[in-house]
Q: 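Just dropping this structure here.
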Amino acid sequence: MCYKGSIAAEERRIQDRVSRNFKDKIKYTPSYNINAFANPQIYIVAQDDPDVINLGVWGLVPNWKTNDPKGFLSKKQYTNNARGEDLYETPSYKDHVVNERCWILFDGFFEPHYHSPKIQQPYFCYIPEGRSISKRQILTIAGIYSKIQDEYYVSLITTEANDFFSEIHNKQKRMPLVLDTSLREKWLLKDQPKTMILDLVANGFTKDKFYAHPVSNQLYKGSNEESTIRAVEPFQSPSLFN
DNA sequence: CCAGACGTTGTT
DNA sequence: GTCTGG
DNA sequence: CCAGACGTTGTT
DNA sequence: GTCTGG
């Protein structure tokens, strides 16, 4: 599901909205097209350093492979996403959910929408902040991480799609766990019981209203222009009568 | 019991 | 390291 | 090579 | 009986 994200807001606004500054020496680079499969650097707030914005690699390396993180990621183990319902059972994640939770900072993400089994169009999903698409809420998405030699390796939590995202992501019916602003700090508290965490997974999704619109498939070509998130015409199936 | 997995879903 | 599957 | 299957998944 | 998967 959530394999593409964007974060392009001004540095100042990001820091303001999450009440934290970028850690010293981290240079913020906006991006409209962050591709999970490439294990890119993303911006996170981690439980063990919760007062600053850190960098992490998108792709968790479990604790039984700490001797060779690069080798693990090259095996395409698909640890970019973690199913929230299974966090305490999944072998690669169960140790990390306990006290290695984080936020992933995006201001939007992409989901594929299927017009038919073969025809698909990506949709950009975001929460407007104000009237224009150019100001989007800074999303705090639930994640977990492993830390190896001072480097964070991160997995994004997904849950069953709500009604809105079932319409958009109509094949897999999953969505990222975008934490509600009023609850998000709880995700970063130490030593929370399993019941508390699973409650956040089940009920912590934001109550703010999402917007989504179709975008150009230039997205899949790696385009990183502002136009990547701009609305295009929805796909129209060919009509016999046009 | 030992070998092999360990993860989730993409797309033109 | 620990679990699952054959 | 042997064991086991022998089938497919609507709609946008 | 024949094919696939391990």
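The shown structure was predicted, so the numbers you read here are calculated from the model rather than taken from an experiment. Convention: sequence-line order gives letters A, B, ...; per-chain numbering from 1.
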Q: Do K209(A) and Y211(A) meet the cation-pi criteria used here (NZ or CZ under 6.0 Å from the six-membered ring centre, within 45° of the axis)?
A: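 Because its charged atom sits under 6.0 Å from the ring centre and within 45° of the axis, K209(A) does stack over Y211(A).
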
Q: Any side-chain donor paired with an acceptor under 3.5 Å for S155(A) and T79(A)?
A: no

Q: Any N/O pairs under 3.5 Å between the protein and nucleotides 3-6 of chain B? List them or say none.
A:
unit_1 : atom_1 : unit_2 : atom_2 : d
dC6(B) : O3'    : S92(A) : OG     : 3.0

Q: Pick from Y123(A), Y126(A), F124(A), F165(A): which one makes a ring pair (Phe, Tyr, Trp, His ring centres under 6.0 Å) with F210(A)?
A: F165(A)

Q: Would you kindly give the NZ-to-C1' distance between K65(A) and dT2(C), to the nearest whole Å?
A: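 In whole Å, dT2(C) C1' lies 15 Å from K65(A) NZ.
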
Q: For N217(A) and dT12(B), give me the distance from atom CG to atom C1', rounded to whole Å.
A: 7 Å

Q: Want to settle it: does D86(A) or Y114(A) sit nearer the 5' end of DNA chain B, counting the closest nucleotide to each?
A: D86(A)

Q: Any donor-acceptor pair under 3.5 Å linking the side-chain atoms of D48(A) with those of Y152(A)?
A: yes

Q: Can you measure N35(A) atom CG to dT9(B) atom P for me and round it to whole angstrom units?
A: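 It works out to 15 Å between those atoms.
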
Q: Mind calculating the distance between CD (Q121(A)) and C1' (dG10(B)) to the nearest angstrom?
A: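 From Q121(A) CD to dG10(B) C1': 16 Å.
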
Q: For nucleotides dG1(C) and dT9(D), find the distance between their P atoms and express it as a whole number of Å.
A: 45 Å

Q: Sticking with atom C1', work out how far dG5(C) lies from dA3(D), rounded to a whole angstrom.
A: 15 Å

Q: Examine the side chains of N33(A) and N224(A) and answer whether a donor and an acceptor come within less than 3.5 Å of each other.
A: no

Q: Rounded to the nearest angstrom, tell me the gap between atom NZ in K4(A) and atom P in dT8(B).
A: 21 Å

Q: Quick one: look up who dG6(C) pairs with, Watson-Crick or G-U, both distances under 3.5 Å, and put none if it's unpaired.
A: dC1(B)

Q: Whole angstroms only, please: what is the CG-P distance between D68(A) and dG1(C)?
A: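 Atom-to-atom, D68(A) to dG1(C), this comes out as 16 Å.
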
Q: What is the distance, rounded to the nearest whole Å, between atom OH of Y3(A) and atom P of dT8(B)?
A: 8 Å

Q: Please give the nucleotide sitting opposite dT8(B) as a Watson-Crick or G-U wobble pair, both distances under 3.5 Å, or none.
A: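 Paired with dT8(B), as far as the under-3.5 Å criterion goes, is no nucleotide at all.
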
Q: Should the pair E85(A)-R174(A) be classified as a salt bridge under the 4.0 Å nitrogen-to-oxygen rule?
A: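 Yes, E85(A) and R174(A) are salt-bridged.
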
Q: May I ask you to evaluate whether H169(A) reaches the phosphate of dG10(B), defined as a side-chain N or O under 4.0 Å from OP1 or OP2?
A: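 For H169(A), the contact criterion (side-chain N or O under 4.0 Å from OP1 or OP2 of dG10(B)) is met.
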
Q: Between dC3(C) and dG7(D), how many Å separate the two C1' atoms, rounded to a whole number?
A: 30 Å

Q: For dG6(E) versus dG4(B), give the span between their C1' atoms, rounded off to a whole number of Å.
A: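 Between the two C1' atoms, the distance is 12 Å.
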
Q: Between R230(A) and E225(A), is there a salt bridge with N-O shorter than 4.0 Å?
A: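 Judged by the 4.0 Å cut-off on N to carboxylate O distance, E225(A) and R230(A) do not form a salt bridge.
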
Q: For a quick check of understanding: with a heavy-atom distance under 4.0 Å over all strands, which category does F37(A) fall into, base, sugar-phosphate or nothing?
A: base

Q: Side-chain donor-acceptor pair under 3.5 Å between H115(A) and Q121(A), yes or no?
A: yes

Q: Using a cut-off of 4.0 Å on non-hydrogen atoms, how would the nucleic acid contact of Q120(A) be classed: base, sugar-phosphate, or nothing?
A: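 Here Q120(A) touches the backbone only, sparing every base.
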
Q: Expressed as a whole number of angstroms, how long is the span from Y88(A):OH to dT2(C):C1'?
A: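 It works out to 19 Å between those atoms.
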
